[in-house]
Amino acid sequence: MKYKKILLVNPYPQGAQGIQKATVYPPLGLAYIASVLRNNNIQVKIVDANILKLNNEKVTGIVSSYKPDLVGISLNVVTAKRGVELSLWIKAATGMDVCIGGPFVSSDPIHALKISKADVVVIGEGEKTILEICRGVSLSKIKGIAWVNLEKKPIVNEPVDMIQNLDEIPFPAHDLLPLNLYRSRMRKVPMASIFTSRGCPYRCTFCSRNVFGRKFRAFSANKVVEEIEMLISRYGVKQIDILDDCFTQDIKRAEEILDLIIKKKLNILINVQNGIRVENLTYAMVKKMKKAGFFKIAIGCESGNDKILKEIKKDSDLNKIKQAIKWFKKEKMIVFCFFMLGFPNDDKKTILDTINFSIEADPMSVNISTLIPFPGTEIYSQMKSDNLIDNEVANGTTSGYVGGRLYHKCRYLSQKEVIDLQSLAYRRFYLRWGKIAEVLSSIKSFSELRWYFYLFKEFLVPFITSFRVY
């Protein structure tokens, strides 16, 4: 069966707690798929119910009104419960065909197929797969899907061939998204987000690679800068947020991007949001980033304890992280570090090591989350075999990284102790006069001030007002 009219949905996780609402990015995965479909003369619409705060009843109404041939729903671990519910609603209310994809369903496609009653599950990278589904290729011949045959038996086909030349993919369909509603730490507005690469070759046990895989693949420097120029000219964008897992994985390519931005005098501010690796970083590279307009850099630290880092296969050098932070701060760039608490063998000492390292390394800001063991990750499998996993997480979570609960057990700490230590970590890092002054002095625009308002109101206040002595 061919599909000529498609509706793609990013669900709204209504009722979920502990989600960082100060930063909300567009569903670029859906935007890439929409662009590929549109380039092949398939009518497509995106409903980002998350940013629009549309509950499933309203989305089902949009589906009934739009009357697509196929509804595609993207699911991650936080949107999974509502997304599965949406699939069931659409099937019951309209009888339309439903396709689901995303990191949550790619981790266990048979389970996702069962609980959602979807007609097909897209596993991993979706551009090729969705196009073949819409063209009416027999499901038995499409790589990268799970489906139910005529005998009601669930079938998982062989994996999809990953796109090796990313430059072949058209730019995401930014025009199908409400770009003015998305937010991050925006020094200038409007802001747009981009991927310059896919895949992560590192071994971190907590990280899901279900969609883009382990092999690092990158858009060429020319393609990246061409997209930035398009966003500037067509949408008036003044800030770019790079969402790569590993922007600095290929230092030579990263420098080519910087050189082109500098050469073309693009006058754009850039935020690297998701956390770079610092192993191959040099001070010369840091200075070039500053010259190209980079004003904020995130570093994924995860733990300040070497034993925990080894156990989670982070392969980080804490001394190199401290050195990188010094370089970025010397160039007057905002450094933001990610830390995570509640690993299986975390105890009070290892978490205090993380807290102390965050203060000693002294980035400008930190995000100190609790572990969510994503289905399909190495740490999930390890913890499940050790009976440390809450079975509920297999169907998605109802809270994010700061939701006041864990979906697993630690061997040496209760769940309450981990949450209390998380609160302590935020208080010790931020409740210092010097840090407060540094944070306030870094705010250069009204949009940044508004971001901090969201951040403190919905994210930090619950922690810094919860006092417990250790």
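- K264 places no side-chain N or O within donor-acceptor distance of the main-chain N or O of I261, the cut-off being under 3.5 Å.
- A salt bridge does not link K252 to E255: none of the charged side-chain nitrogens sits closer than 4.0 Å to a carboxylate oxygen.
- The pair K153-E151 fails the salt-bridge criterion, with no side-chain N (NZ, NE, NH1 or NH2) lying under 4.0 Å from an Asp/Glu carboxylate O.
- I145 is not listed as a side-chain neighbour of I123, based on a closest heavy-atom distance of 4.5 Å or more.
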**Request:** Start with the C-alpha gap between F294 and I297, add the side-chain angles, then the distance that decides, and say whether side-chain contact (heavy atoms from CB on, under 4.5 Å) holds.
**Result:** CA-CA 8 Å; F294 286 62; I297 303 291; 3.8 Å; yes
**Item:** Test log, rule salt bridge (charged side-chain N to carboxylate O under 4.0 Å, His left out), inputs D161 and K128
**Value:** CA-CA 9 Å; D161 297 322; K128 289 181 179 178; 5.4 Å; no
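- For the residue pair N271 / Q273, a side-chain donor-acceptor distance below 3.5 Å is found, with atom types taken as modelled.
- At a threshold of 4.5 Å between non-hydrogen side-chain atoms, the residues P68 and V63 count as touching.
- Atoms CZ and CZ, on R253 and F216 in that order, are 4.5 Å from each other to the nearest 0.5 Å.
- Atom CD1 of I73 is separated from atom OG1 of T79 by 10.0 Å, given to the nearest 0.5 angstrom.
- Contact check on D241 versus R185 returns no salt bridge, with no Lys/Arg side-chain nitrogen under 4.0 Å from an Asp/Glu carboxylate oxygen.
- A heavy-atom distance below 4.5 Å is found between the side chains of Y182 and P27.
- Partner R411 forms a side chain to side chain donor-acceptor pair (under 3.5 Å) with one of D346, D347, D386 and no other, that one being D386.
- Residues Q382 and P373 fail the side-chain proximity criterion, which asks for heavy atoms closer than 4.5 Å.
- Side-chain contact between L413 and L421: present, with at least one pair of heavy atoms (C-beta onward) separated by less than 4.5 Å.
- A cation-pi contact, defined as under 6.0 Å to the ring centre and within 45° of the axis, links K223 to F171.
- Contact check for Y66 versus V47: no side-chain heavy atoms found under the 4.5 Å cut-off.
- Interatomic distance, CD of Q415 versus OH of Y407, reported as 10.0 Å (0.5 Å rounding).
- Rounding to the nearest 0.5 Å gives a distance of 11.0 Å between CG of L139 and CD1 of I155.
- Note on ring orientation: taking the six-membered ring where Trp is involved, the planes of Y32 and F219 are parallel (angle under 30°, cut-offs 30° and 60°).
- Salt bridge status for R214 with E378: absent, with no side-chain N to carboxylate O gap under 4.0 Å.
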**Request:** Just do the salt bridge (charged side-chain N to carboxylate O under 4.0 Å, His left out) check on R135 and E132 with the steps written out, would you?
**Result:** CA-CA 5 Å; R135 284 174 169 171; E132 289 190 338; over 6 Å; no
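- Looking only at atom types and distance, the side chain of T23 has a donor-acceptor partner in the side chain of W451 under 3.5 Å away.
- The side chain to side chain contact (heavy atoms under 4.5 Å, CB included) test applied to Y235 returns H174, D175, L179, M230, L231, V237, not counting sequence neighbours.
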